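The structure displayed is predicted, hence computed values, not measured ones.
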Amino acid sequence: MLRLTLSTEEYLMLGDDIRIVFLGGTKNNLRIMIDAPKELGIVRSSVLEREHPELKEKNRNYYAVPDLPERYRKPKGTGRTRKG
């Protein structure tokens, strides 16, 4: 999973012919424009889940969980805390 911060009108390229442009947004909404070939099907998740309810349960946790050996994991409670 890749997490990015983009400014308005910055874009991402997926391969040579797919561009995703960030148009702006608010706290709860994001506006993007997808420039892709007509042959590529682009469907909202809500439409997919309405047509195929089994996908909703399958994709509920879409963030990747790192499968690291125990010795590489950060012990809980060792993160930095802010002093108030």
Side-chain angles (χ1 to χ4, degrees):
M1 178 72 63
L2 175 64
R3 183 176 183 171
L4 299 171
T5 301
L6 299 173
S7 297
T8 303
E9 297 188 13
E10 281 190 313
Y11 61 90
L12 302 172
M13 292 296 298
L14 302 178
D16 294 330
D17 55 356
I18 302 171
R19 181 170 50 173
I20 301 174
V21 183
F22 175 63
L23 299 175
T26 63
K27 182 177 179 181
N28 296 324
N29 294 297
L30 172 69
R31 291 183 310 142
I32 62 170
M33 177 179 66
I34 301 173
D35 183 15
K38 289 182 180 181
E39 300 83 36
L40 184 65
I42 300 173
V43 182
R44 284 181 185 255
S45 61
S46 58
V47 173
L48 284 175
E49 291 168 358
R50 185 172 56 235
E51 293 177 3
H52 303 283
E54 68 277 4
L55 291 176
K56 187 172 187 176
E57 187 65 30
K58 179 181 174 187
N59 294 325
R60 185 170 38 161
N61 295 325
Y62 54 86
Y63 291 106
V65 178
D67 190 20
L68 298 173
E70 187 65 36
R71 66 182 179 174
Y72 296 117
R73 294 182 192 170
K74 187 186 236 182
K76 291 186 178 184
T78 61
R80 287 195 250 170
T81 58
R82 293 177 81 180
K83 293 183 179 180

Donor-acceptor pairs under 3.5 angstrom involving side-chain atoms of residues 22-34: please list them, not counting sequence neighbours.
from, atom 1, to, atom 2, distance (Å)
Thr26, OG1, Asn29, N, 3.4
Arg31, NH2, Leu23, O, 3.2

Let me have the donor-acceptor pairs involving side chains of residues 1-19, under 3.5 Å, with sequence neighbours excluded, atom names and distances please.
from, atom 1, to, atom 2, distance (Å)
Glu10, OE1, Ser7, N, 2.7
Arg19, NH2, Asp35, OD2, 3.4

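Sorted by first and then second residue, the side-chain hydrogen bond (donor to acceptor under 3.5 Å, both in side chains) pairs involving residues 36-48 (not counting sequence neighbours) form an empty list.
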